[in-house]
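Bear in mind that the values here come from a model prediction, so they are computed numbers and not experimental data. When reading the values below, keep in mind they use all heavy atoms of this one structure, side chains included, and skip hydrogens, waters and symmetry mates.
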Amino acid sequence: VSVEGLPVDQTTSLTIEAFKMNMLPYLPQSTMSSEDVFGDYYDNILLISNDAGQFNVPSFGVYQITTMYPGEAYSIFLNGASDVDFSYPGDGLARNTDMSYYDDLYASSQSEHYDFVKTGISHPIILTSLSGVVEAGDEIAAYADGEIVGATKVVDPNSTVTIAAWGGFHQYGMDLPGYTEGDAIELRVWSHTTGEELYVTADLDGASYGSTPLTSGSITVFDMSATPVDFNLSQNYPNPFNPSTRIDYTVPQSGDITVAVYDITGRLVQTLVNGYADAGYHTAVWNGRDSAGNTVSAGLYIYSLQSENITLTRKMVMMK
């Protein structure tokens with residue numbers, strides 16, 4: 001579609017409203033550095049994004065949008081409760097700030113291992129800390145309901161990493177893959193040295209896509225496959241324990257499972273999990289109480305993981 005019209009006065013004041021995602025048109029007729037355009041407003045801005053899955057998040061030092069282009073529009077979300085009156089720099093006032101460092105960083109972080117559809121609908125995940133078995137050249141992938149929706153390459157494990165996760169669209173005869181708002185965020189790391197996906201635990205300020213303007217936090221990468229190949233029931237921790245303990249277990253394929261606690265006579269004390277579980281790594285917590293809510297006596301207990309074809313058991317000790 002080609003549209004022609006008269007240029008708008010680029011110094012026109014525009015209102016950026018609080019508590020909503022604003023669509024801001026780029027009015028100048030020539031390109032300009034994003035620092036020149038937004039630098040004086042960065043204290044008021046939480047997020048700037050475009051339909052290419054690039055983000056500027058000043059509070060995290062993320063500047064992927066370096067050049068503003070005529071005919072484009074940008075989404076803006078403020079970090080405060082007050083509206084902001086915004087205007088573009090007048091003719092001759094732009095400083096043409098050099099943003100080549102951020103351009104090079106963005107280019108170096110593009111995924112080479114994963115394929116996914118960039119739908120134009122994106123959710124930023126900003127990781128401020130990476131720990132565990134992760135190194136430069138690895139890629140961090142975002143999944144939604146088992147589907148890859150975005151990935152980025154780690155350039156420096158000690159620096160902030162930004163992932164664009166892409167949303168789906170299923171209206172007006174279109175069926176574009178991607179996350180659905182509210183889908184749980186799952187992260188994995190592809191190791192470029194071993195060629196396999198590794199298991200990741202994430203400490204994020206939001207657990208789902210689209211529920212907030214952006215998601216931030218940290219991850220820990222473990223030297224174990226992201227998708228387990230066998231059932232496993234780990235030793236509870238702590239053990240002995242009082243008053244509660246954690247039980248980790250893995251499920252290689254989705255299905256119905258039961259995690260339960262028994263006393264030494266075989267009597268059922270408490271059922272912790274009973275129902276459908278996705279393939280992956282899971283945790284159950286026992287608070288040292290029976291099914292009636294009463295605190296159990298000190299002693300030896302047996303806990304089990306059961307599926308249609310397998311039963312695994314371990315022992316644990318409740319102390320007083």
Side-chain angles (χ1 to χ4, degrees), residues 8-28 32-69 71-90 93-95 97 99 102 106 119-129 142 144 149-150 152 159-169 178-185 187 202-219:
V8 175
D9 180 3
Q10 70 180 51
T11 62
T12 300
S13 179
L14 304 171
T15 300
I16 303 177
E17 298 182 53
F19 304 120
K20 66 171 59 176
M21 191 67 78
N22 299 263
M23 288 300 294
L24 186 74
Y26 182 69
L27 301 180
M32 195 180 303
S33 162
S34 60
E35 175 69 23
D36 296 344
V37 173
F38 293 114
D40 292 338
Y41 301 93
Y42 273 150
D43 287 344
N44 304 104
I45 293 174
L46 173 66
L47 171 69
I48 305 169
S49 62
N50 62 15
D51 60 5
Q54 294 173 296
F55 311 101
N56 283 10
V57 190
S59 59
F60 289 102
V62 175
Y63 300 99
Q64 296 181 334
I65 302 171
T66 60
T67 305
M68 313 288 288
Y69 293 96
E72 294 289 336
Y74 301 84
S75 299
I76 314 288
F77 199 95
L78 299 178
N79 60 14
S82 301
D83 297 347
V84 170
D85 291 326
F86 170 86
S87 60
Y88 288 97
L93 296 181
R95 302 181 296 275
T97 303
M99 303 287 283
Y102 296 103
Y106 178 73
T119 62
I121 306 165
S122 59
H123 179 88
I125 303 171
I126 300 175
L127 303 177
T128 57
S129 175
V149 295
T152 191
S159 298
T160 299
V161 173
T162 303
I163 308 167
W166 297 93
F169 189 81
Y179 70 78
T180 299
E181 185 172 339
D183 279 349
I185 296 173
L187 301 178
D203 182 12
L204 305 175
D205 60 8
S208 59
Y209 295 104
S211 57
T212 56
L214 62 85
T215 299
S216 64
S218 61
I219 64 169

Heavy-atom closest contact (Y106 atom, G53 atom, distance): OH-O, 4.5 Å
Taking all non-hydrogen atoms of both residues, which atom of F55 and which atom of A164 are closest, and how far apart? CE1-CB, 3.6 Å
Nearest-0.5 Å distance, CG of residue L47 to CD1 of residue I76: 8.0 Å
So, N56 side chain and Q64 main chain: donor-acceptor pair closer than 3.5 Å or not? yes
Among V62, T66, I65, T162, find the one that has a side-chain contact (heavy atoms from CB on, under 4.5 Å) with Q54. I65
Closest non-hydrogen atom pair, G80 against A18: O-CB, 3.5 Å
Rounded to the nearest 0.5 Å, how far apart are OG of S82 and CD of E17? 12.5 Å
Aromatic ring centroids of F38 and Y74 under 6.0 Å? no
Just wondering, do Y88 and L27 contact through their side chains at under 4.5 Å, heavy atoms? yes
Say you draw a straight line from OG1 of T67 to CD of E72; how long is it, rounded to the nearest 0.5 Å? 11.5 Å
Looking only at heavy atoms, which two atoms of N50 and S122 are closest? And how far apart? O-OG, 4.3 Å
So which heavy atom on A202 is nearest to which on I219, and how close? CB-CG2, 4.0 Å
Roughly how far, to the nearest 0.5 Å, is OG of S75 from CG of D51? 8.5 Å
For D85 and T15, run side-chain contact (heavy atoms from CB on, under 4.5 Å): C-alpha distance rounded to whole Å, both residues' side-chain angles, the deciding distance at 0.1 Å, then the answer. CA-CA 5 Å; D85 291 326; T15 300; 3.5 Å; yes
Run the numbers on I16 and Y41 for side-chain contact (heavy atoms from CB on, under 4.5 Å), then give the verdict. CA-CA 11 Å; I16 303 177; Y41 301 93; over 6 Å; no
Do S34 and M99 touch side chain to side chain, with heavy atoms closer than 4.5 Å? yes
Less than 4.5 Å apart, side chain to side chain, heavy atoms only: is that true for S33 and M68? no
For a 4.5 angstrom cut-off between non-hydrogen side-chain atoms, does I125 reach Y209? yes
Do S59 and N79 have side chains that get closer than 4.5 Å, going by heavy atoms? no
Okay, side chain of N22, backbone of L24: is any donor-acceptor separation there less than 3.5 Å? no
F77 side chain reached by V57 side chain, heavy atoms, under 4.5 Å: no
Please name the pair of heavy atoms, one in P213 and one in M21, separated by the smallest distance, quoted to 0.1 Å. CB-CE, 4.5 Å
Step by step, would you call V37 with F86 a side-chain contact (heavy atoms from CB on, under 4.5 Å)? CA-CA 10 Å; V37 173; F86 170 86; 3.7 Å; yes
What residues form a side-chain contact (heavy atoms from CB on, under 4.5 Å) with S216, not counting sequence neighbours? F60, I126, D205, L214
With the side chain counted from C-beta on, respond yes when I45 and L78 share a heavy-atom pair under 4.5 Å apart, and no when they do not. yes
With a 4.5 Å limit on heavy-atom distance, are the side chains of I48 and Y42 in contact? yes
